[in-house]
Amino acid sequence: MERNLPKNYDPKDFEDRLYQEWQDNDCFKSEVNKDKESFTIVMPPPNITGQLHMGHALDDTLQDILIRWKRMDGFEALWIPGTDHASIATEVKVVDRIKSETGKTKYEVGREEFLRRAWDWKDEFGGKIVNQVKKLGASCDWDKERFTMDEGCNKAVTKFFVELYKEGHIYRGNRIINWCPDCKTTLSDAEVEHEDQEGNFWHIKYPIKDSDEFLEIATTRPETMLGDTGIAVHPEDERYTHLVGKTAILPLVGRELIIVADDYVEKDFGTGAVKMTPAHDPNDFEVGKRHNLEEINVMNDDATMNSLAGKYEGMDRYECRKAIVEDLKEEGYLMHIKKHDHAVGTCYRCHSVVEPRLSLQWFVKMDELAKPAIDLLKENELEFVPDKFDKTYLQWLENIRDWCISRQLWWGHQIPAYYCQDCGEIMVSEEAPTHCSKCNSTNIEQDEDVLDTWFSSGLWPFETLGWPEKTEELDYYYPTSVLVTGYDIIFFWVVRMTFSAMFCMNEKPFSHVLVHGLVRDAEGRKMSKSLGNGIDPLEVIDQYGADALRFTLATGNSPGNDMRFYTERVEFARNFNNKLWNASRFVFMNLEDESLLENLTREAVQKDFTLADKWIISRANGVVKEVTHNMDKFELGMALQKAYEFTWSEYCDWYIEMVKPRLYGEDRDAKRAALYTLTYVLEKILKLLHPFIPFITEEIYSYLPTVEGYIIRAEYPHYDEKDDMQLEEEKMNLIMDGIRSVRNVRTEMNVPPSKKAKTIIVPTDEKREAMEDGKEYFKSLASASDVEIKDDKTGIPEDAVSVVIDGVEIFIPLDELVDFEKEKERLNKEKKKAISEIKRVEGKLNNPGFMNKAPDKLIEEEKQKKEKFEEMLKTIEERLAKFN
């Protein structure tokens with residue numbers, strides 16, 4: 001085997017190869033093992049129509065960090081991958097393909113042919129995003145991959161529906177639902193996105209029957225007035241108490257509207273009188289139920305007006321709105337129009353404006369199901385990270401409405417409800433009935449609708465482990481450990497999983513929910529197709545490697561907060577990987593003499609440990625403790641930050657420089673002690689970093705002669721008391737402070753590193769031992785030609801440059817640093833140049849012609865130049881004064 005890494009770090013040389021090796025050697029595989037504690041994550045299943053985007057990349061990176069860490073830390077770690085059938089999104093794609101290939105609608109090809117084509121689509125594109133996830137390094141157990149419409153999930157969904165129905169939690173009824181006229185299906189409240197749009201309040205005169213009085217009614221949707229069946233006022237609104245129980249006349253239509261009193265109405269909002277359209281507004285629907293108001297639906301599925309809309313039949317809703325406003329104006333009913341910006345519900349998939357409308361659908365009754373999910377959080381059985389999302393979760397559950405679960409689609413889990421075509425009996429069962437349970441007819445048809453996608457994915461944490469069967473995996477791995485998700489999906493999915501789990505399993509679905517924010521562009525904008533500001537993770541991986549992308553996503557992330565994605569940060573991540581690569585190459589280069597590796601154990605070399613060896617071993621031990629603490633608290637970004645800082649600064653920039661004299665020297669025992677320490681700490685570094693940057697750490701680890709096997713299977717570092725050497729750390733920290741101070745002075749005086757100078761150190765008694773131990777480090781790292789430690793300042797030249805650190809004064813004779821005559825000559829030249837520049841600038845600023853004609857920006861630049869040269873002159877004169 002080649003004993004050293006290639007000269008140049010190129011992730012393309014090994015990332016794909018290593019992933020294949022991990023898979024071939026079952027490194028991601030997990031099996032029930034009662035001797036170990038389980039740690040389980042279920043992947044939020046991406047849509048089969050999906051393309052890997054930066055949100056997926058962040059979500060999957062965080063999950064992989066946790067899984068790799070726990071796997072190394074001795075847990076039986078299982079990460080279950082899978083994909084979602086995505087009813088609406090997939091159906092749209094398949095419908096479009098059928099139309100382009102055959103010119104037909106889905107109804108023309110029929111349900112059977114449509115579903116055949118939908119499964120073909122799934123087979124063709126379903127694996128695409130899976131392969132993209134693998135490019136990230138996701139260490140899922142791919143043998144356990146699931147699909148939300150596979151045989152096991154189908155069985156689970158059917159069982160769930162039937163059990164909910166049996167216990168009275170599911171019903172079929174006419175209620176207000178969110179209807180997308182474009183997708184032609186219902187949507188749940190969580191699938192409706194609200195957008196601020198410009199609109200109007202149309203103020204309309206509603207005459208009181210047999211009276212000269214009228215009510216002023218304001219509406220943002222005049223077209224729905226055709227379905228008005230009542231008017232509501234507040235019971236305590238003195239303006240209208242005399243009208244309660246009377247009737248108003250619906251303009252343009254002539255329908256009589258009963259006036260009712262209801263607490264729903266806000267006295268101080270608008271006119272205090274509200275038109276009631278029970279078939280087109282959820283609040284009006286509830287008021288209508290309380291007062292037995294008629295429900296009149298005036299729209300078709302495509303948001304055109306139906307026969308109940310009278311002369312407006314066939315018009316699009318917005319065309320109807322214009323016509324009604326014109327007619328109201330013409331007949332004297334339109335009082336005035338007031339601009340009103342308001343939030344309008346739109347379809348999350350196609351962004352059409354959603355139409356609330358009365359419809360016969362299947363619903364889940366949520367009041368009883370929500371209670372156990374609420375208790376989970378209040379009893380600390382379920383924890384959000386960060387806990388600020390407790391409030392979001394509770395607000396949603398405590399105010400939840402009944403959930404409409406039927407969708408007017410063909411792709412999805414078909415509702416297991418069967419209708420007798422002869423007597424109308426409804427039968428709900430896991431198996432299709434052969435005859436009617438009421439009249440014994442065989443004329444039975446299944447409900448054509450499918451279930452909301454979220455109804456099935458709500459079972460994800462336990463259906464993927466075999467539920468409703470009582471499998472060994474379900475018993476061992478459930479409840480799962482952590483759910484990783486974005487804050488924008490708490491409503492959609494987290495709530496569904498908690499109440500579904502409590503109903504099916506009587507146990508929480510997971511212990512923690514790690515909530516991350518969105519990945520935004522460099523300007524803080526949400527990435528979107530419309531803005532064209534999306535960044536393709538696969539392109540980033542191709543250019544910089546998966547490790548660089550993962551490093552960027554992890555370090556830029558703190559629980560619950562959005563992050564901005566900068567290319568410069570990816571470049572920084574790659575630079576760090578490059579530094580780790582080169583530092584490792586340096587270590588391996590010094591291990592080429594294999595005789596140095598014989599019996600390279602702690603016991604064999606610790607007698608030759610120097611202060612630097614003890615310091616770096618102790619610091620590595622401390623970093624292990626800090627990183628583990630952060631990981632336990634899900635502060636993954638902070639954990640990586642600490643591991644990175646230790647690697648870059650203390651190991652690479654300090655320790656490697658400290659050991660070079662020993663590595664290049666003749667003392668074999670000193671060299672072996674240095675090599676042991678270099679490899680011992682490098683091994684810890686690679687293990688700490690592996691969950692974050694798995695490819696480069698695995699590749700470097702494979703060249704480390706002191707270890708065997710894959711790092712993915714190696715034991716995660718743990719804090720070890722024997723490695724805790726605080727006294728050595730304190731000593732070395734003082735020495736490093738001194739070296740930094742000397743370097744700073746030399747930099748300020750433009751002294752090159754090659755120029756050696758004597759260093760005199762005057763420590764307190766307490767710090768003397770540390771300075772004695774640090775002599776050689778001052779020589780190798782602070783360009784000291786000689787280091788003298790004195791009890792006092794006697795004999796130190798008066799012109800010596802001095803620095804002061806804690807309990808220590810360090811002096812460098814000035815004549816050792818600088819050739820006085822040459823430096824004075826150089827400084828005088830600089831002084832002359834600065835004076836000349838000041839005079840030139842002053843000449844311009846004192847010239848009326850320049851001042852009157854030059855733009856303000858140019859004048860300001862000249863003033864800034866003057867200040868700069870004056871500051872330079874001041875510094876030069878101070879330096880010259882010291883010499884004189």
Worksheet item: Do Phe609 and Ile617 have side-chain heavy atoms sitting under 4.5 Å apart?
Response: yes
Worksheet item: Going by distance alone, is a donor N or O of one side chain under 3.5 Å from an acceptor N or O of the other, for Tyr710 and Asn25?
Response: yes
Worksheet entry | Main-chain N/O of Pro753 paired to Ser783 side chain as donor or acceptor, under 3.5 Å | yes
Discussion item. Would you say that Tyr716 contacts Phe75 through its side chain, given a criterion of any heavy-atom pair below 4.5 Å between the two side chains?
Written reply: no
Fill in: Non-hydrogen side-chain atoms of Met771 and Phe778 separated by less than 4.5 Å
yes
Worksheet entry | Short side-chain to backbone donor-acceptor contact, Arg71 and Ala77, under 3.5 Å | no
Fill in: Check ion pair Lys579-Asp653 (N to O, under 4.0 angstrom)
yes
Name every donor-acceptor pair, under 3.5 Å, that has one atom in a side chain of residues 535-546 and the other anywhere in the protein, sequence neighbours excluded.
unit_1: Asp536; atom_1: OD1; unit_2: Leu538; atom_2: N; d: 2.9
unit_1: Tyr544; atom_1: OH; unit_2: Glu571; atom_2: OE2; d: 3.3

Worksheet item: Do the numbers put Arg619 on top of the ring of Phe646, so that NZ or CZ is under 6.0 Å from the six-membered ring centre and no more than 45° off the axis?
Response: no
Worksheet item: Hey, is the main chain of Pro691 close enough, under 3.5 Å, to the side chain of Arg550 for a donor-acceptor pair?
Response: yes
Discussion item. Does Glu729 form a side chain to side chain donor-acceptor pair (under 3.5 Å) with Asn733? I'd like the steps, not just the answer.
Written reply: CA-CA 6 Å; Glu729 282 195 47; Asn733 286 337; 4.9 Å; no
Discussion item. Under a 3.5 Å distance rule, please check whether Thr747 uses its side chain to pair with a backbone N or O of Arg743 as donor and acceptor.
Written reply: yes
Worksheet entry | Phe510 and Pro479, any side-chain heavy atoms less than 4.5 Å apart | no
Worksheet item: Going through the checks in order, is the side chain to side chain donor-acceptor pair (under 3.5 Å) test met by Arg668 and Ser595?
Response: CA-CA 10 Å; Arg668 186 176 180 81; Ser595 65; 2.7 Å; yes
Worksheet entry | Six-ring centre of Trp22, Arg68 cation under 6.0 angstrom, axis tolerance 45° | yes
Practice prompt. Say whether, by atom type as modelled, one donor and one acceptor occur between the side chain of Asn590 and the main chain of Phe586 under 3.5 angstrom.
Written response: yes
Fill in: Side-chain H-bond candidate by donor/acceptor type, Asp16 with Gln20, under 3.5 Å
no
Practice prompt. Anything under 30° is parallel, anything over 60° is perpendicular, the rest tilted; go ahead and classify Phe576 against Tyr644.
Written response: perpendicular
Discussion item. I'd like to check Trp79 versus Thr40 (side-chain heavy atoms, cut-off strictly below 4.5 Å). Are they in contact?
Written reply: no
Worksheet item: Is the closest side-chain heavy-atom distance between Ile48 and Asp84 below 4.5 Å?
Response: no
Fill in: is_close_aromatic(Trp648, Tyr655), centroid dist under 6.0 Å
no
Worksheet item: Are His516 and Tyr487 near enough that their ring centres are under 6.0 Å apart?
Response: no
Item to complete: Report the relative orientation of the aromatic rings in Trp467 and Phe462; use parallel for angles under 30°, tilted for 30 to 60°, perpendicular for over 60°.
Response: perpendicular
Worksheet item: For Tyr676 and Asp613, does a side-chain donor sit closer than 3.5 Å to a side-chain acceptor?
Response: no
Discussion item. Does Asp667 form a salt bridge (Lys or Arg N to Asp or Glu O under 4.0 Å) with Arg662? I'd like the steps, not just the answer.
Written reply: CA-CA 7 Å; Asp667 187 333; Arg662 290 153 67 200; over 6 Å; no
Fill in: Pairing of Glu699 and Arg17 as salt bridge, 4.0 angstrom limit
yes
Practice prompt. Check the side chains of Ser139 and Asp64 for a donor-acceptor pair under 3.5 angstrom, ignoring hydrogens and angles.
Written response: yes
Item to complete: Under the salt bridge (charged side-chain N to carboxylate O under 4.0 Å, His left out) rule, collect the residues that match up with Asp737, sequence neighbours excluded.
Response: Arg740
Worksheet item: Applying salt bridge (charged side-chain N to carboxylate O under 4.0 Å, His left out), which residue pairs with at least one partner in residues 672-684 are found, sequence neighbours left out?
Response: Glu683-Lys687
Discussion item. I want to check something: taking the side chain as every heavy atom from C-beta on, are Lys660 and Ser780 in contact at a cut-off of under 4.5 Å?
Written reply: no
Item to complete: Assess the side chains of Ser38 and Glu76: does a donor N or O sit below 3.5 Å from an acceptor N or O?
Response: no
Worksheet item: Looking at Trp142, does the NZ or CZ of Lys29 lie under 6.0 angstrom from its six-membered ring centre and within 45 degrees of the ring axis?
Response: no
Worksheet item: Taking only residues two or more places apart in sequence, or in another chain, which ones meet Asp26 in a salt bridge (charged side-chain N to carboxylate O under 4.0 Å, His left out)?
Response: none
Worksheet entry | ring pair (Phe, Tyr, Trp, His ring centres under 6.0 Å) between Trp581 and Phe14, worked out | CA-CA 13 Å; Trp581 184 270; Phe14 55 85; 5.7 Å; yes
Practice prompt. Output, in order, the C-alpha distance, side-chain angles, deciding distance and verdict of side chain to side chain donor-acceptor pair (under 3.5 Å) for Gln641 and Thr555.
Written response: CA-CA 6 Å; Gln641 185 75 18; Thr555 51; 5.6 Å; no
Worksheet item: Would you call Asp724 and Lys625 a salt bridge, using N to O less than 4.0 angstrom?
Response: no
Worksheet entry | Min side-chain heavy-atom separation Leu678-Leu591 under 4.5 Å | no
Worksheet item: Regarding Lys731 and the six-membered ring of Trp615, is the cationic atom NZ or CZ under 6.0 Å from the ring centre and inside 45° of its axis?
Response: no
Fill in: Test log, rule salt bridge (Lys or Arg N to Asp or Glu O under 4.0 Å), inputs Asp720 and Lys722
CA-CA 5 Å; Asp720 189 339; Lys722 81 173 188 309; 2.7 Å; yes
Worksheet item: If you look only at pairs with a residue in residues 471-480, which of them pass as a side chain to side chain donor-acceptor pair (under 3.5 Å), with sequence neighbours excluded?
Response: Ser30-Tyr477
Item to complete: Please lay out, stage by stage, how Leu734 and Lys767 fare under the test side chain to side chain contact (heavy atoms under 4.5 Å, CB included).
Response: CA-CA 8 Å; Leu734 188 67; Lys767 309 293 183 183; 3.6 Å; yes
Item to complete: Output all residues satisfying salt bridge (charged side-chain N to carboxylate O under 4.0 Å, His left out) with Arg520, sequence neighbours left out; order by chain, then residue number.
Response: Asp562
Worksheet item: When His718 is tested against each of Asn621, Thr628, Asp73 for side-chain hydrogen bond (donor to acceptor under 3.5 Å, both in side chains), which residue passes?
Response: Asp73
